Amino acid sequence: MDFKISCITYIYHNDPSLKNTFFRKYLITNKGEQIDDFIIGYFNDFDIGSHRDDYVGCDTTLNLGFGYNAEEVDVQIGVTFLQ
């Protein structure tokens, strides 16, 4: 198998509703044999404050994975996939 994976990361400075949001666009090109079906996995290590009290969860209705912390003073982080 021979794949080419390109990634572009960008943010919007002029839209306050997207504050602290960044986007990644992936282009995956198959340079080899035909593949009928495949699965893409994504790993994210949510380090929020102290690593000792970090938790993760998901909301399948929103296509959202999130990380949160036991301490209310720490931020919450979410990851969603747009199609």
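One is the number of the first residue; the rest follow in order along the sequence. Worth saying up front: this structure is predicted, and the values here are computed from it rather than measured.
The two residues C58 and F66 make their nearest non-hydrogen contact at N-CE2, 3.4 Å. Nearest heavy atoms, I48 versus D53: O-OD1, 4.5 Å. Nearest approach of F46 to V56, heavy atoms of both residues: CD1-CG1, 3.6 Å. Smallest separation of non-hydrogen atoms from T80 and N63: OG1-O, 2.7 Å.
Residues I28 and I35 are members of one and the same hydrophobic cluster, defined by side-chain heavy-atom contacts under 4.5 angstrom among Ile, Leu, Val, Met, Phe, Trp and Tyr. Hydrophobic clustering, with ILVMFWY side chains joined whenever heavy atoms are under 4.5 angstrom apart, groups F3 together with F38. Note on Y55 and L64: same hydrophobic cluster, where clusters join Ile, Leu, Val, Met, Phe, Trp and Tyr whose side-chain heavy atoms are under 4.5 Å apart, directly or indirectly. There is a path of hydrophobic side-chain contacts, each under 4.5 Å, that joins I5 to I40.
The aromatic rings of Y12 and Y10 lie perpendicular to each other, with more than 60° between the two planes, well past the 30° mark.
More than 12 heavy atoms of other residues, nucleotides or ligands lie within 6.0 Å of CG in L27, so this atom counts as buried by the packing criterion.
When the side chain to side chain donor-acceptor pair (under 3.5 Å) test is applied to S6, no partner is found at least two apart in sequence or on another chain. Take S17 and apply the side chain to side chain donor-acceptor pair (under 3.5 Å) test, not counting sequence neighbours, and it matches D15.
I8 contributes atom CD1, which lies 11.5 Å from atom OH of Y26 (distance to the nearest 0.5 angstrom). Note: T9 OG1 to F23 CZ = 11.5 Å, rounded to the nearest 0.5 Å.
Within the structure, side chain to side chain donor-acceptor pair (under 3.5 Å) contacts touching residues 37-49 (residues at least two apart or in different chains) are R24-Y42.
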